[in-house]
Amino acid sequence: MIIGIDLGTTNSLVSVFRDGQPRLVPNVIGHVLTPSVVSLADDGSMLTGLAARERLATHPQRTVSNFKRWMGSDHEVALGNRHFRAEELSAFILGALKADAEAWLQEPVTEAVITVPAYFNDVQRKATQTAGRLAGLNVERLLNEPTAAGLAYGLQERKDHSTFLVFDLGGGTFDVSVLGYFEGIVEVRASAGDTRLGGEDFVQTLLEQFLHETDISDTDRQMAFANKLFWRSVEQAKRDLSEKDSTEITLRIGDHDITHTIERGKYEEYCVPLLQRLRRPIERALMDARLRPEELDEVVLIGGATRMPMVRQLVTRLFGRLPLRTINPDETVARGAAIQAALKARDAALDEVVLTDVMPYSLGIVSSEEVNGQRYFDRFSPILERNTPVPVSRMKVFATLEDGQKTILLDIRQGESPTASENLQLGTLEVSVPPRKKGEAEVEVRFTYDANGLLEVEAHVPLTEKTVSSLIHRDSQVMDETSIAHALEKMKSLKIHPRDQQENAWLVQRAKRLYEDHLGHVREIIGHELTRFEVALDTQDERVVRDARADFKSFLDNIDRGFVL
Ligand code: AMP
């Protein structure tokens, strides 16, 4: 069985294709969303998911979230006295999801389709595959997140020439992609976005609205900003306002409460500047895809923040139609990944559909150009142009610039600037040529870009019949075989927190977080209940633990809801 994985910045999901449809696999706590958070527990074992997320506040030095943004870089994160790359941290999450899928399916899982943002470059894609490998998963196929969303909404079952726009507003980023379906091929025709705009900005705006409308003192204001509990209640209020016309927010300063009612209408006025910022990327994506809004067949909403009515209204207004949002926006990408996994395994329930994407950027080499007898260096010479459907292979011929030149250095770059140095360097490849007069020794450079967005460069010298090739990666940033082997050893040496104890671990961490958040009487009760639960755990009697867990969970739920005893 091949599983589908949405490896998200905030949350990850795993899905399988069963009985003719994609199904989300619950984790051991029974949730389909597993927080993409990793924490090194005090006993040296690795915690993932909810239990780890609870430790973000209580053990910030040993806990990490949001590591997807470091994918494809050599940034290392210290947890305690150990260091981890984004691939390794992601591997812990992938390993947990793999274990959840295995428990659910009752069979071993060794292969996965993992989704990545459409804008991920080949280094980031390679890193995602490596993360899979470290988790014991073979990842032959990566899938662009918007393409996955298109699949979940059945784009591949539409008539030829259908186009979808995928509008993805997550916690911290905004992405717009235009997908096209043509002759059995789904492709990303254009993508644009804003990496600094997401649901969190709406929380910030609501918090500022509260402070403005309550007109509190500067000192209280600063205390409010630093108060984690308050942030959490504003986040909850934002979610409430997706369902209700008004909600209350309470800020506790010292021993007095400031309670204020927020009206949705007023909140939406405060959010106008944020809504304005959503327009630009949409316009850019449509322009790149050469489409007018009315030419789109469907507009699809994904990402938790599209639950806000004002966002849906904006989209409805901009496109003159209701967007598709029948699938839970958090789950759409994972469902699409399961469909792709089934396509790969050729599940009989699905008609065969070829899936391709387009190149998200141009790839080429640095060259020079002669204009009116003058030579201009630092020119970018694209070999594969942006938006070409993949897989693709193209060849271009380059020649020596000087008499007697013995080598040609191919400087491989990715980007859209005509000035080569402004584009991202992916690697270099040195090619030996026999010394000849300038322009006489040639090299045929072939770029092959596969469906996973990985580039292979091949250079053939006709004069010598010699060929050199290289799978391109930026050396320092892509893990080579030796460092992968090393990381695999390291993973083996680390204890993974036992899966069957994850729920208990989560409750303990959650209680510790709540203990830190509260003071006085409430804190005392939390401490007391935690001890009681730990005593129950020590009995190792399954029934005692199960009963104690149920009680402890509802106790913590009440505290989280603010029902102070
Ligand atoms: P994602 O990265 O797709 O999981 O999106 C998470 C973002 O969606 C966060 O900023 C959440 O606050 C936001 N979100 C989730 N549910 C809601 C809701 N009901 N109303 C408003 N925002 C929500």
Side-chain angles (χ1 to χ4, degrees), residues 5-15 24 27 31-37 49-50 53 56 65-69 71 90 93 97 115-120 144-146 148-149 152 166-177 193-210 228 230-247 249 262-265 267-268 270-271 274-275 277-278 281 300-315 323-337 560:
I5 292 179
D6 170 3
L7 183 60
T9 308
T10 331
N11 290 300
S12 296
L13 300 91
V14 55
S15 57
L24 295 162
N27 58 26
H31 301 174
V32 296
L33 294 178
T34 293
S36 306
V37 186
L50 262 184
R53 194 176 73 186
L56 271 175
S65 62
N66 277 324
F67 39 84
K68 183 167 168 179
R69 71 192 138 129
M71 214 49 147
S90 305
I93 299 298
L97 299 175
T115 58
V116 289
Y119 56 81
F120 254 26
N144 284 328
E145 288 162 7
V166 179
F167 179 104
D168 178 2
L169 189 62
T173 56
F174 173 48
D175 296 304
V176 184
S177 314
D194 185 335
T195 52
R196 289 165 198 281
L197 178 61
E200 283 149 28
D201 297 288
F202 289 81
V203 183
Q204 169 97 24
T205 300
L206 182 54
L207 188 138
E208 277 163 11
Q209 179 185 355
F210 174 94
K228 277 182 262 161
F230 180 54
W231 274 98
R232 246 197 296 276
S233 62
V234 178
E235 164 77 37
Q236 187 53 49
K238 178 187 76 166
R239 290 172 188 240
D240 291 347
L241 287 171
S242 294
E243 315 294 327
K244 302 192 286 189
D245 289 338
S246 69
T247 192
I249 301 179
I262 301 273
E263 304 291 339
R264 177 150 91 191
Y267 170 52
E268 291 180 348
Y270 274 87
C271 293
L274 293 177
L275 295 177
R277 284 173 60 193
L278 293 170
V300 172
L301 298 187
I302 61 172
T306 58
R307 290 203 176 88
M308 287 184 284
M310 63 180 128
V311 171
R312 299 205 301 263
Q313 282 153 9
L314 174 85
V315 174
L324 283 181
R325 52 177 208 92
T326 45
I327 305 177
N328 184 333
D330 301 320
E331 299 174 359
T332 316
V333 169
R335 286 180 187 275
D560 251 339

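In what follows, every heavy atom counts, from backbone to side chain, and hydrogens, waters and symmetry copies are set aside. Along the sequence shown, residues carry numbers from 1. Remember, it's 1-based here, ligands and their atoms both numbered in the order they're listed. Quick caveat, the model's predicted, so the values are computed rather than measured.
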**Prompt:** Which atoms of ligand 1 are found less than 4.0 Å from any heavy atom of Gly303?
**Reply:** 3 (O)
**Asked** Can you check whether Leu7 reaches Thr115 side chain to side chain, under 4.5 Å on heavy atoms?
**Response** no
**Asked** For ligand 1, which atoms sit closer than 4.0 Å to a heavy atom of Glu235?
**Response** 11 (C), 12 (O)
**Asked** Near Met308, which atoms of ligand 1 are under 4.0 Å from a heavy atom of that residue?
**Response** 21 (C)
**Request:** Do me a favour and list the nearest non-hydrogen protein atom to atom 22 (N) of ligand 1 with residue, atom name and distance?
**Result:** Lys238 CE, 3.6 Å
**Prompt:** Which one of Ser36, Ser242, Ala305 has a non-hydrogen atom at the shortest distance from atom 8 (O) of ligand 1?
**Reply:** Ala305
**Prompt:** Do side-chain atoms of Arg307 reach the backbone of Ser242 as a donor and acceptor pair under 3.5 angstrom?
**Reply:** no
**Fill in**
Counting from 1 in the order shown, the ligand 1 atoms closer than 4.0 Å to a non-hydrogen atom of Thr10 are 2 (O)
**Request:** Answer yes if the side chains of Ser36 and Ser12 hold a donor-acceptor pair under 3.5 Å, and no otherwise.
**Result:** yes
**Prompt:** What protein heavy atom sits nearest atom 19 (N) of ligand 1, and how far away is it?
**Reply:** Arg307 CD, 3.5 Å
**Pairwise side-chain contact, Thr9 with Thr173, heavy-atom cut-off 4.5 Å (strictly under)** = no
**Prompt:** Would you say Arg264 and Lys244 make side-chain contact, with heavy atoms under 4.5 Å?
**Reply:** no
**Request:** Could you check atom 6 (C) of ligand 1 against the protein and tell me its nearest heavy-atom contact, residue, atom and distance included?
**Result:** Gly171 N, 3.6 Å
**Prompt:** For ligand 1, is any non-hydrogen atom under 4.0 Å from Glu200's backbone (N, CA, C, O), its side chain (CB onward), both, or neither?
**Reply:** backbone
**Prompt:** Can you find a pair of side-chain heavy atoms, one from Phe202 and one from Val234, that are under 4.5 Å apart?
**Reply:** no
**Asked** atom 3 (O) of ligand 1: which protein heavy atom is closest, and how many Å away?
**Response** Gly304 N, 2.9 Å
**Message:** Are any of the N/O atoms on Gly170, whether in the backbone or the side chain, positioned under 3.5 angstrom from an N/O atom of ligand 1?
**Reply:** no
**Asked** If you count the non-hydrogen atoms of other residues, nucleotides and ligands that lie under 6.0 Å from CZ in Arg335, is the total more than 12?
**Response** yes
**Item:** Test item: Trp231 and Gln204 side chains (from C-beta on) under 4.5 Å apart, heavy atoms
**Value:** yes
